[in-house]
Amino acid sequence: CYGGGQFVAIGSASGYGARSTDGQTWQSSAVPQTAGWADLIYDGSAFRTVTCGNKVTAYSTDGQTWSYSQLPSTGQWRQICFGSGKTIIVGDSAGYVLVSADGLTWSRAPLPGGQVFALKSACWTGEQFIAAESGEKNRVLLSPDGVSWREGTPAPVSGSMAALCC
């Protein structure tokens, strides 16, 4: 992940990360908890990561010193995304998306009809969040604010949708 003039990487289960200003020479850093780190973003002020199968998110303003905060629930969280001043976290087997205005305090945003979606991917388009489901249905969800979600037209891909890029 690149932001704030540097590259930052995290190990999925090692408890260690690394940072570099040129992408060639790296310095190690300790992530506060060994967990199944699933995704990493830079939101303009901090690097943020989320765990899969846990209720922890970690953040760092410098890519070296990390702190963590608790999520309201354990989940198979797959991706963290930032847009329009909000951070969202999507995952499998949940009838909600996690949303935060500060990246520290999280709340649940219910999905349409209280349905459970297998969300694997999310992005911010500059106008709305888009979250994509992986599975037979390949459903797509849309939200202007990360809080209110509606179902869009399913993506006509063959097989299971693997990723979404905005």
Side-chain angles (χ1 to χ4, degrees), residues 1-3 8-13 31-33 35-61 66-166:
C1 179
Y2 184 81
V8 173
I10 54 169
S12 65
V31 180
Q33 178 176 335
W37 300 112
D39 194 24
L40 175 68
I41 63 163
Y42 183 73
D43 67 8
S45 63
F47 294 94
R48 300 191 185 280
T49 184
V50 66
T51 60
C52 182
N54 207 323
K55 59 187 282 184
V56 176
T57 182
Y59 59 94
S60 172
T61 57
W66 292 84
S67 300
Y68 69 94
S69 65
Q70 295 290 315
L71 298 173
S73 58
T74 299
Q76 294 300 311
W77 307 117
R78 302 293 182 192
Q79 193 159 27
I80 186 168
C81 178
F82 178 80
S84 191
K86 294 205 177 116
T87 305
I88 66 164
I89 298 174
V90 300
D92 289 349
S93 307
Y96 53 88
V97 167
L98 297 180
V99 62
S100 175
D102 63 7
L104 302 173
T105 306
W106 297 88
S107 60
R108 294 181 180 126
L111 297 177
Q115 296 179 70
V116 174
F117 289 79
L119 299 175
K120 299 282 190 208
S121 192
C123 68
W124 173 252
T125 69
E127 295 180 8
Q128 64 185 345
F129 289 101
I130 298 177
E133 181 179 45
S134 175
E136 293 177 15
K137 296 179 183 176
N138 290 323
R139 296 181 290 184
V140 175
L141 299 176
L142 309 163
S143 173
D145 57 9
V147 177
S148 300
W149 291 87
R150 67 179 175 83
E151 199 166 343
T153 304
V157 297
S158 178
S160 183
M161 190 172 355
L164 177 67
C165 178
C166 293

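The heavy-atom pair separating C81 from I41 by the smallest distance is C-CD1, 4.0 Å.
Interatomic distance, N54 CG to W37 CH2, rounded to the nearest 0.5 Å: 7.5 Å. Distance check: S84 OG to E127 CD gives 11.0 Å after rounding to the nearest 0.5 Å. One finds the OH atom of Y59 at 15.0 Å from the CZ atom of F47 (value rounded to the nearest 0.5 Å).
Remark: side-chain polar atoms of T87 are not paired, donor with acceptor, to backbone N or O of G103 under 3.5 angstrom. Although no hydrogens or angles enter the test, the distance criterion places a donor-acceptor pair under 3.5 Å between the side chain of T49 and the main chain of D39. The backbone N or O of A122 lies less than 3.5 Å from a partner atom in the side chain of Q79, making a donor-acceptor pair. A donor-acceptor pair under 3.5 Å is formed between the side chain of S143 and the backbone N or O of S148. Side-chain atoms of Q76 do not come within 3.5 Å of backbone N or O of G91 as any donor-acceptor pair.
Within the 4.5 Å cutoff, the side chain of W149 has heavy atoms near those of the I88 side chain. For the pair R78/S121, no side-chain contact is recorded, criterion being any heavy-atom separation below 4.5 Å from C-beta on. In this structure, V90 and F129 have side chains that are not in contact, with every pair of non-hydrogen atoms separated by 4.5 Å or more. Proximity of L40 to R48: side-chain heavy atoms (C-beta onward) are nowhere separated by under 4.5 Å. Looking at W66 and I10, their side chains come closer than 4.5 Å, going by heavy atoms from C-beta outward.
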Between V56 and Q70, is a side chain to side chain contact (heavy atoms under 4.5 Å, CB included) present by the stated rule, with each step listed? CA-CA 5 Å; V56 176; Q70 295 290 315; 3.9 Å; yes
Please test V50 against L71 for side chain to side chain contact (heavy atoms under 4.5 Å, CB included), starting from the C-alpha separation and ending with a verdict. CA-CA 9 Å; V50 66; L71 298 173; 4.1 Å; yes
Table please: side-chain donor-acceptor pairs of residues 104-117 below 3.5 Å, with sequence neighbours left out.
unit_1	atom_1	unit_2	atom_2	d
R108	NH2	P72	O	3.3
Q115	OE1	R139	NH1	2.8
Q115	NE2	P112	O	3.4

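More than 12 heavy atoms of other residues, nucleotides or ligands sit less than 6.0 Å from atom OH of Y42.
Listed by chain and number, the residues in a side chain to side chain donor-acceptor pair (under 3.5 Å) with T57 amount to none (sequence neighbours excluded).
A salt bridge links K120 with D92: at least one charged nitrogen is closer than 4.0 Å to a carboxylate oxygen.
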